[in-house]
4 protein chains.
Amino acid sequence: MKVKIGDESCAVKRTPGRPRSERARQAILNSTLEFLEQRENGFANLTIEYVAARAGVGKATVYRWWPNKAALVADAFASSVTHKLFFPDTGSVCDDIAQQMQQLVKIFRSRRGHVVSAILGAGQSDSTLVTAFRDRFLKPRRVEAYATLRRGIERGELPKNLDLDHVLDALYGPIYMRFLIKHDGLTPEFVDQQCQLVLRQVLPCVKASKSLSKASGK
Amino acid sequence: MKVKIGDESCAVKRTPGRPRSERARQAILNSTLEFLEQRENGFANLTIEYVAARAGVGKATVYRWWPNKAALVADAFASSVTHKLFFPDTGSVCDDIAQQMQQLVKIFRSRRGHVVSAILGAGQSDSTLVTAFRDRFLKPRRVEAYATLRRGIERGELPKNLDLDHVLDALYGPIYMRFLIKHDGLTPEFVDQQCQLVLRQVLPCVKASKSLSKASGK
Amino acid sequence: MKVKIGDESCAVKRTPGRPRSERARQAILNSTLEFLEQRENGFANLTIEYVAARAGVGKATVYRWWPNKAALVADAFASSVTHKLFFPDTGSVCDDIAQQMQQLVKIFRSRRGHVVSAILGAGQSDSTLVTAFRDRFLKPRRVEAYATLRRGIERGELPKNLDLDHVLDALYGPIYMRFLIKHDGLTPEFVDQQCQLVLRQVLPCVKASKSLSKASGK
Amino acid sequence: MKVKIGDESCAVKRTPGRPRSERARQAILNSTLEFLEQRENGFANLTIEYVAARAGVGKATVYRWWPNKAALVADAFASSVTHKLFFPDTGSVCDDIAQQMQQLVKIFRSRRGHVVSAILGAGQSDSTLVTAFRDRFLKPRRVEAYATLRRGIERGELPKNLDLDHVLDALYGPIYMRFLIKHDGLTPEFVDQQCQLVLRQVLPCVKASKSLSKASGK
DNA sequence: CAATAATCGAGACGGTACGTCACGTCTTCTT
DNA sequence: AAGAAGACGTGACGTACCGTCTCGATTATTG
């Protein structure tokens, strides 16, 4: 709880006693991810017992650093968050976003996708998990997305007064829905059509700007 | 070997032995729903032990009729599915769908919504659950939605060759996303705007029929 | 409870309703014995469920006629009591008894012996069972044994004022002990030696030291 | 890599991990004995659930150390075996053995006797139990008995070439029989008479007839 | 360099719920 | 009225993990 300000040059005040083992920390997070990445091994099936054994670590070591399974999974998820999800700047909002969406879908369809569905699944009965998902995954991406959309607005591709959040939900919602409910394929074609469907709607052309502009009250 | 003629139960060959107790069945489903409807009582916290005790029923009776917790919950949910989720026929597709979406959101925001999130949450590590959700809840509603959309097409409100499933995902996806990730409010205004955003084709102007027409190949 | 005396010619006043099925009764007792006769299938492993199923009978039919497992087994045992256990009259007490003991040991070593050990085993926690064993098996045989011993007394082979019960326990006790504890073989040789050991002791004087000397071979 | 030299615990490699709780072990064995010592609480009525609860112990702890109920009971019995069952050395085989037999009968007639009958009873359908009884109770006592008998042989009280096991069965068999079948009393008088009946060889020839005549009182 | 202190692995502990089995009772239709 | 069929509420089974707790061993800082 003591925050050292300034220079750490010579006197890095370390706590006495054996320091935390970085090897153990990594092994625990890795065995957690490894488990979640397997199909049909959701959060519910994950056991601390297994994680510890797989990591070659005592159970107490897990509990010493993570208060519960959810915290462990949230941490493991955060440490796995891909850095490949960026928005390019092609000059066309539609293309910028379509490309990022394709990357997202690729992740969702990979083994890493199981980690996402595990965290969203478990999050339905443990709000700390969805919170972790929003804070560590969703929001950072939204910030980038806002910028991309604003570029489009500046360029005149999109109307002003656009409810950015709504547009983004309109874009990504169907992807999350298919990802979680699996009632239909999460194909690249679907992604492209989805992107066009939504962004064509908000193209200047028309008059709909009013219905989409953010309600002043809220 | 007396054969009752004219008996209406002629073909209703009863199985021998004591018949299944309807009282027990109802009590089990009810105590399941009751539990899930409480906040923070997710699928994971639900125990068969509790369900049986609450229903005044032996555990074995639960296991006799439902192979696992997932099946029980799916059944309980299905049996509880409100019959208020219908599509009216107002003469306007947009209105028809908007009204049904509002009903859906109302359910999602009610205590019954917890059951849905419990199912979809647990379904992420138990595919039988999402399957049950799709079969018993999603598909029946889709069938009605198709009809509503087709009415709109016939009326000329919507273009022909529309990929109905995609349109429906575009409509409902954002609702499910906000419901499950809770990053933003699931308000009636949002629902209305969402409906208009997707179905704006109704109006003259644009009509991006090409991008939405079902890919011939598929 | 009404005992009809005399002629049953025309009006055998039977209780109304369907009469008890003799077939069922036999099938139940048989499947009970059949089970107990198998090695390692003691009383504890016997289930009414199995007996009923094996006999092709409803469980309730078993419970209608026998209040509990013990009563059933006691009945089954009684119905199986062999009639081959008699004492011959060879003119020598020792031979008379030795022959009967050999027959007894033969039964103990046969599959029927398992029924005896089952009933004595279960009897340790259910006194009705040992009672059944004493009344239906032990006592009838003791009556015969008394007669045999008295013949020997009359013949002068045995002393007067003999405690018959003690002598019989001295004779049979070791057999029951080996039968139940299985710490040593229940061989014909053992039986012969046992018979001689005890009866020589009670002979007027002799001192049969030889019969007690250990068999050289063993 | 410091090796302690001269350490007496050199070969006493302790197993890693938390050591077994002696408290739990004792509590489990005690609650087992306590239960069995009550009349009509046979082996069959004993539940691990009860033992664990009574001992203030998790069920798993019981199962961790004893594979089944039989092993537990055998252990509990063995641990309770009174150390009063020894053979004195009075100079007379008959007296040595008679005294030990009286002690045994005293145990059989006490509450501890229920444990013995529970073990032998249940042992009839679970061979591991009788085996445990033989190994942990019977055989150790036999070893002492052999020594006592051999002393008698050396002293000339008993003939050489005696089948020790048979003599011991002849001595103890009737006691076990009366203990298990309860057809007659297990009185101190019976024990004395039984001892004399079998070991009369000691005496020149005669006189034992009186001790075998039935006690007038009874 | 020894003392102190925190972490490590291992694994036993008291619990809770699991899913199964048999109990003894009941309800139904058939004989 | 008794039969077979079989569902019912009950309760113990033996197992799997939970999260906590000793252990001895290890690895740092401090006196």
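All values derive from a computational prediction rather than experimental measurement. Quick note on labels: first sequence line is chain A, next is B, and so on, each numbered from 1. Below, all heavy atoms of this structure are taken into account, side chains as well, without hydrogens, waters or symmetry copies.
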Inset, instruction - When you get a sec, tell me which of dC8(F), dC23(E), dT7(E) is the closest nucleotide to the side chain of R18(A)? - result: dT7(E)
Inset, instruction - Inspect the contact between D75(B) and R136(B) and indicate whether a charged nitrogen and a carboxylate oxygen are less than 4.0 angstrom apart. - result: yes
Legend entry - N/O (side chain, R64(A)) to phosphate O (OP1/OP2, dC8(E)) under 4.0 Å: yes
Legend entry - R20(C) atom CZ, neighbour heavy-atom count above 12 within 6.0 Å: yes
Inset, instruction - Specify the closest pair of heavy atoms between S21(C) and A24(C), including all atoms of both residues, with the distance to one decimal. - result: OG-N, 2.9 Å
Legend entry - Minimum-distance pair of heavy atoms, taken over all atoms of V51(A) and S31(A): O-OG, 3.2 Å
Inset, instruction - Go through dA12(E), dA17(E), dC23(E) for me and flag the one nearest to the R20(D) side chain. - result: dA12(E)
Legend entry - 5' precedence on DNA chain F between G58(C) and G58(B) (nearest-nucleotide basis): G58(C)
Inset, instruction - Check if the side chain of K59(B) and the base of dG11(F) share a donor-acceptor pair of N or O atoms closer than 3.5 Å. - result: no
Legend entry - Options dA17(E), dC8(F), dA28(F), nucleotide nearest the side-chain atoms of E49(B): dA17(E)
Legend entry - 5' precedence on DNA chain E between P19(D) and K69(B) (nearest-nucleotide basis): P19(D)
Legend entry - Given dA5(F), dT15(F), dA17(E), the nucleotide with the shortest approach to the side chain of T47(B): dA17(E)
Inset, instruction - Could you check which of dA12(F), dA22(E), dG9(E) has an atom nearest any side-chain atom of A60(B)? - result: dA22(E)
Inset, instruction - Starting from the 5' end of DNA chain E, give me the residue, L46(C) or I48(B), whose nearest nucleotide shows up first. - result: I48(B)
Legend entry - Phosphate-side-chain proximity, T61(A) and dG9(E), N/O vs OP1/OP2 below 4.0 Å: yes
Inset, instruction - Could you tell me the separation between the CD1 atom of I28(A) and the C1' atom of dC8(E), rounded to a whole number of Å? - result: 11 Å
Legend entry - Given dC8(E), dC18(E), dG9(F), the nucleotide with the shortest approach to the side chain of W65(A): dC8(E)
Inset, instruction - Send over the distance from N68(B) CG to dA17(E) P, rounded to a whole Å. - result: 19 Å
Inset, instruction - Please check the phosphate of dT27(E) (OP1 and OP2 only) for any side-chain N or O of R23(B) closer than 4.0 Å. - result: no
Legend entry - Separation of atom OH in Y50(B) from atom C1' in dC18(E), rounded to whole Å: 18 Å
Inset, instruction - For V116(D) and F133(D), work out which heavy atoms get closest and say how close. - result: CG1-CE1, 4.0 Å
Legend entry - Interatomic distance where CG belongs to N45(D) and C1' belongs to dC23(E) [whole Å]: 14 Å
Inset, instruction - Looking only at non-hydrogen atoms, find the nearest pair between F77(C) and L33(C) and report the distance. - result: N-CD2, 4.3 Å
Legend entry - Between P of dA17(E) and CZ of F35(B), the distance in whole Å: 10 Å
Inset, instruction - Classify the nucleic acid contact of R25(D) as base, sugar-phosphate or nothing, counting any heavy atom under 4.0 Å across all strands shown. - result: nothing
Inset, instruction - Calculate the interatomic distance between E22(D) atom CD and dA12(E) atom C1'; express it in whole Å. - result: 14 Å
Legend entry - L72(B) CG to dC18(E) P, straight-line distance once rounded to whole Å: 11 Å
